[in-house]
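First listed ligand is number 1; within each ligand, the first listed atom is number 1.
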Amino acid sequence: MLVDGKWTKKWDPVQKADAKGRFVRQVSSFRNWITPDGTKGPTGEAGFKAEAGRYRLYVAYICPWASRTLMARSLKGLEEIIPVTVVNPVMTDQGWQFGGYDDADEDPLFGSTYMHELYTQADPNVSGRATVPVLWDTKTQTIVNNESADIVRMFDTAFDELIALEFKQVRLYPEDLAAEIEALNPEIYDKLNNGVYKAGFASSQEAYDEAVAGVFETLDMLEARLTGEYLFGGRFTETDIRTFVTLIRFDAAYHGVFKCNRKQIADYPRLSAYMERIYRLPGIRETVNMDHITRGYYAIKALNPTRIRPTGPKHIEALLASA
Ligand SMILES: N[C@@H](CCC(=O)N[C@@H](CS)C(=O)NCC(=O)O)C(=O)O
């Protein structure tokens, strides 16, 4: 991680643990917002006006948080407006690296070797982990925001004057569902999205047991809830994005490397159908790179020192191969 703008050697994949050995995820540090006219958003500074080609999104296909932003970008038809750079899926002892792997890009803006160089470019004294996603502003040469939850909400409305009507009409955070979304998001985040990481990186049996129980309680709850197409019935929302990114990684990665092996998503009929339904939405398949996902997770040294990647599972291969 970075301390006062300097990369500190110690790569600790556990990030931080609390007194009981529970994994604690870092809070994001750049929280500015792009708005239609460049006025200040809910947090951060003003000055980030929605313009085509001005911003670049840095992601890792392995990363579920970054994948949220890729999904929102596709669903809002922002592919031409916000270009993307994808890092190498294998985490190094200097964090995310550019290039050197199929479908991994070089950094087109600065020719950086590592993601942390963008962070120090934005702030020479920055401290913290150099995480993805990063939304970069080429005009002021800084990070607009590195919190996927914010980036998804920005993409939902900020660029609406620049996109076709069919994409303008897509609303991932509709006002009339806001209260319900805000109620469901934290549970899905804490017990499922981050829950699988808490299971995988637990440093005590107690922390693991607690995390894995939360994961399967949440999957059971979602299975019971999914009587319609999506979590809020017929309308697809950001909560479906947040759920999908974990479901699509589950059987191929979390079940094995994070020891979430009580069941697979394949054992849940409604969740399986739901996952497949979302996978088949226009533009979503392109955001799922299963080779990066399995390579990346099974290369986490602390969890899998040999870096051997298991084969399968067959049903995920079949989904990816299907038309
Ligand atoms: N709160 C952030 C979390 C992002 C995050 O934790 N990304 C991970 C990859 S899945 C990362 O880049 N980790 C690098 C590190 O911890 O050094 C968000 O949702 O955008």
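Taking every heavy atom of Tyr197 and a limit of under 4.0 angstrom, the matching atoms of ligand 1 come to 10 (S). Within ligand 1, the atoms closer than 4.0 Å to a non-hydrogen atom of Met91 are 14 (C), numbered from 1 in the order shown. Short contacts between ligand 1 and Pro133, defined as distances under 4.0 Å to a heavy atom of the residue, involve ligand atoms 20 (O). Heavy-atom proximity to Cys63, at under 4.0 Å, picks out these atoms of ligand 1: 7 (N), 9 (C), 10 (S). Close contacts between ligand 1 and Asn146 involve ligand atoms 20 (O) [criterion: under 4.0 Å to a heavy atom]. Within ligand 1, the atoms closer than 4.0 Å to a non-hydrogen atom of Ser148 are 18 (C), 19 (O), 20 (O), numbered from 1 in the order shown. Listed by atom number, the atoms of ligand 1 under 4.0 Å from Trp96 heavy atoms are 9 (C), 11 (C), 12 (O), 13 (N), 14 (C).
By the criterion of a heavy-atom distance under 4.0 Å, neither the backbone nor the side chain of Ile62 is placed next to ligand 1. Both the backbone and the side chain of Glu147 come within 4.0 Å of ligand 1, judged by heavy-atom distances. Neither the backbone nor the side chain of Met1 comes within contact range of ligand 1; no heavy atom lies under 4.0 Å.
Side-chain contact annotation: Thr246 with Asn193, donor-acceptor N/O pair under 3.5 Å present.
Remark: Arg309 is not positioned above the aromatic ring of Tyr297, lacking an NZ or CZ atom under 6.0 angstrom from the ring centre and at most 45 degrees off the axis. For the pair Arg153 and Tyr173, the cation-pi test (distance below 6.0 Å, angle within 45°) is passed.
Val86 and Met115 fall into different hydrophobic clusters, where Ile, Leu, Val, Met, Phe, Trp and Tyr residues are linked whenever their side-chain heavy atoms come under 4.5 Å apart, directly or through other members.
Less than 6.0 angstrom separates the ring centroid of Trp65 from the ring centroid of Tyr189. Ring pair Tyr268/Tyr274: centre-to-centre distance not below 6.0 Å.
Here's the thing with Ala149: none of its N/O atoms is less than 3.5 angstrom from an N/O atom of ligand 1.
Checking Gln94, Arg129, Arg242 against atom 15 (C) of ligand 1, the nearest heavy atom belongs to Arg129.
With a 6.0 Å radius and a threshold of 12 heavy atoms from other residues, nucleotides or ligands, Lys6 has its NZ atom at or below the threshold.
Applying side-chain contact (heavy atoms from CB on, under 4.5 Å) to Leu247 and the options Leu222, Leu271, Asp240 leaves one that passes, Leu271.
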